[in-house]
Each structure stands twice: as C-alpha cells, then as structure tokens.
Amino acid sequence: MTTINDIAKLAGVSRTTVSRFLNNSGYVGQEASERIAQVINETGYMPSQSAQTLRTKKTGVIGIILPKISTETSSRVVSGINKVMKREGMQILLTDTELDPDKEIEYLRLLKSRQADGIILLATNIGERLQQEIEAFPIPVVALGQNIPGVPSLTYADYDASSDIMHLLIGKGHRKIGFIGVSETDPAVGKLRQTAYTDAMKRQNLEVEESWMAEGDFSIDSGYEAMKRIITGNRSDPPDAVFCVTDRMATGAMEYLKEQGFSIPGDVAVAGIGDAVMSRYITPSLTTVNYYNEEAGEAVGEMLLETMAGIKHSKKMMHKYRLIKRDSV
C-alpha cells in the first residue's frame, strides 16, 4: 500500500509538502504540485479517511434522513443533494424512516454517532421532541419540505400549488369536489394542502362535504381505499372531481373509479401533486404539479454547506413549481 512517505520520496519533496498539498493547508510551488499530482495519479494513492478525520475533525459525510427511500420524490431530491456534495468531495449516507416520526430522532442520533458533518432532514412531522432534539444538536441540521422553527428550512409552495389545482377544477365547472389527503400531523402535505382545498371551496361558496373527504397514507393502495370510502358513502350523489395530495394516491383513486365504471374526467376529474413518471403513462394521464425536486435537493444541499460555514438561514421557500394539465381533468 502506497503511503504519504512513498509519495514524498517519488516526487522528490518532503512529507510536509505532500501533506500541505493533500490538505490544501499551505503554499506548495507549482512544480512540486505537478510532481505530487503525477505521482498520486500513477500510484492511485488514496489518503486514509481516518487520518484525514483526525487531522481535520471532519469526516466528509453528510447524512440524509428520508421519509420513504423508495419514492420518486426522495430519489430526485437525493440526486440534487448528491450533485452538490460530489462537487465538494463529500459523501452522503441515507437513512429511511418509513414515515415513522420516532425514527427521525433515532436517525439523528445515529448520524451523530457516525460523525456526520451535517444532516438534511426531509421531515413529515414536526413535534416538540424533534425540535428540542435538533436545538440541542451539535451538528448542523437543515430541513426540506417542512418549516421547523429554529431550523434552517426550505419549503415548497404547497398552499399556492394546491390553490392552482383547485382553481383549475373549479374553472372547468366542477362544484362537487372531493379531497384525498394525509394526516394533518404532516403540516405541509397534510395541513397546508387541505387548507388550500377548503379555502378555495369557501371562496366560491361551495359546500365542503365531510363525506367527500378521506385520508390516505401516501400509498397507491390508500388512495384506492379512500376513493372507495368516498364513493360508497355517496352512491347517489358522488363528487364530480377529486383533488389528491399525491400522485400515488391519485393513481389508486383512478383505479377504483375505473373499476366502478366511472369515466375520467367525464364523470369524475382527478388531480394530484408530484409529477411522478407513472402520471404520464396511466390512462388517462394525470393532471399534477411538478415541484422541481432535484433543484430543491441542490438548494437544500447549498443551504447545509452555508450553515456549516456559519452563514445563518431561517426559512426559504421554493416558489418554483409548474401545473401540468393532462387528460384526467
């Protein structure tokens, strides 16, 4: 195994000069730099990670806490974060809470024990325990998707995007609009999107029927079951449109409607949020909102790096989103 002493000998410089070159911690002449770089390239030398950690007190690892690693939203966000971290020569370590809020705290502590330099949290719930944990945390933490008080946070325009969907449905002449959401313990997806729905209905003096509203858990199956509850409870007077807060639940809702002989959008129009790949290919194609998740990942990655460098942030919003009109409305 090639050592730093071998590099110094082959390049004809001192060990200290090689150390300065590797750590960018002092002046190294151009000629010496070129010789060291050539030797490193020829030998394939890789600095010891443990030695670097001891010297710099940094591991070069960023932890990411995801609510569900298998979703397209998570993969797009991680792609954006990774693009930023690769540029900085940093690695990422992924954890998956599987929508269990207790695991958010568990993984914060795990990543601390693994000596992560910083953590990006895609939170689904904001509880007092989580806030207290982060406030006392010795490692920089930033959040994406939720506004956590006292934590640098990047949020999506959930209310505005949901309002745009409702405006589209109402503009198409729909008056009996149903809603499939998630638990309001999720302030962004659960609460803000539902608030936009009820506000839009009230602005148009439209009835908000409790029996036209149902709750899922982000999954396709839960969207199917939620739509089933709505239709079963309103056989004689079903809604003529349904706003689902995620594309996966909208996909399940559409499947149930088709099984029951409803025409989409002739009998019931359906809209979601997320612009999942499947939303383009299901029949009919799904009207939805694109949140530019990869760009959000890049932005929250930059926010973490700035926070680690001592730059203070409070809250930023990803105003950028796009309403995509397809055949389901």
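The model shown is predicted, which means the values in this text are computed figures rather than measured ones.
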Problem - Given Arg76, Lys320, Arg322, Glu298, the one that forms side-chain hydrogen bond (donor to acceptor under 3.5 Å, both in side chains) with Tyr292 - result: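 By the side-chain hydrogen bond (donor to acceptor under 3.5 Å, both in side chains) criterion, Tyr292 pairs with just one of Arg76, Lys320, Arg322, Glu298: Arg322.
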
Fill in the blank from the handout: Which of Asp275, Asp164, Asn290 passes side-chain hydrogen bond (donor to acceptor under 3.5 Å, both in side chains) with Tyr321? It is Asp164

Practice task
Please list all pairs passing the side chain to side chain donor-acceptor pair (under 3.5 Å) test where one or both residues lie in residues 224-233, with sequence neighbours left out.
Solution key: Tyr224-Glu259

Problem - Sequence neighbours excluded - side chain to side chain donor-acceptor pair (under 3.5 Å) pairs with any residue from residues 200-211 - result: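 Qualifying pairs: Ser211-Asn234.
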
Practice task
Quick one: list whatever passes side-chain hydrogen bond (donor to acceptor under 3.5 Å, both in side chains) with Thr155, sequence neighbours left out.
Solution key: none

Exercise for the section: Give a yes or no on whether the backbone of Lys68 and the side-chain of Ser74 come within a donor-acceptor separation of less than 3.5 Å. Expected result: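 Side chain of Ser74 to backbone of Lys68: a pair is present.
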
Handout entry: Side-chain donor or acceptor of Thr124 paired with backbone N/O of Leu99 under 3.5 Å
Key =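 Not at all, since once roles are kept as given, no pair shorter than 3.5 Å links the two residues.
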
Inspect the contact between [Y] and [X] and indicate whether a charged nitrogen and a carboxylate oxygen are less than 4.0 angstrom apart.
X	Y	answer
Asp102	Arg129	yes
Asp158	Arg193	yes
Glu294	Lys83	yes

Handout entry: Any side-chain donor near an acceptor of the partner, Gln30 and Glu34, under 3.5 Å
Key = yes

Fill in the blank from the handout: Apart from Ile324 itself, its cluster of hydrophobic side chains linked below 4.5 Å comprises none

Handout entry: Residue pairs, two or more places apart or on separate chains, that pass ring pair (Phe, Tyr, Trp, His ring centres under 6.0 Å) and touch residues 229-253
Key =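 Counting only pairs at least two positions apart or across chains, the ring pair (Phe, Tyr, Trp, His ring centres under 6.0 Å) contacts touching residues 229-253 are Phe179-Phe243.
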
Please tabulate, for the side chains in residues 278-287, all donor-acceptor contacts under 3.5 angstrom to protein atoms that are two or more places apart in sequence or on a different chain.
{"unit_1": "Ser279", "atom_1": "OG", "unit_2": "Ala276", "atom_2": "O", "d": "2.5"}
{"unit_1": "Ser279", "atom_1": "OG", "unit_2": "Arg326", "atom_2": "NH1", "d": "3.1"}
{"unit_1": "Ser285", "atom_1": "OG", "unit_2": "Asp327", "atom_2": "N", "d": "3.3"}
{"unit_1": "Ser285", "atom_1": "OG", "unit_2": "Asp327", "atom_2": "OD2", "d": "3.4"}
{"unit_1": "Thr287", "atom_1": "OG1", "unit_2": "Arg326", "atom_2": "N", "d": "2.9"}
{"unit_1": "Thr287", "atom_1": "OG1", "unit_2": "Arg326", "atom_2": "O", "d": "3.2"}

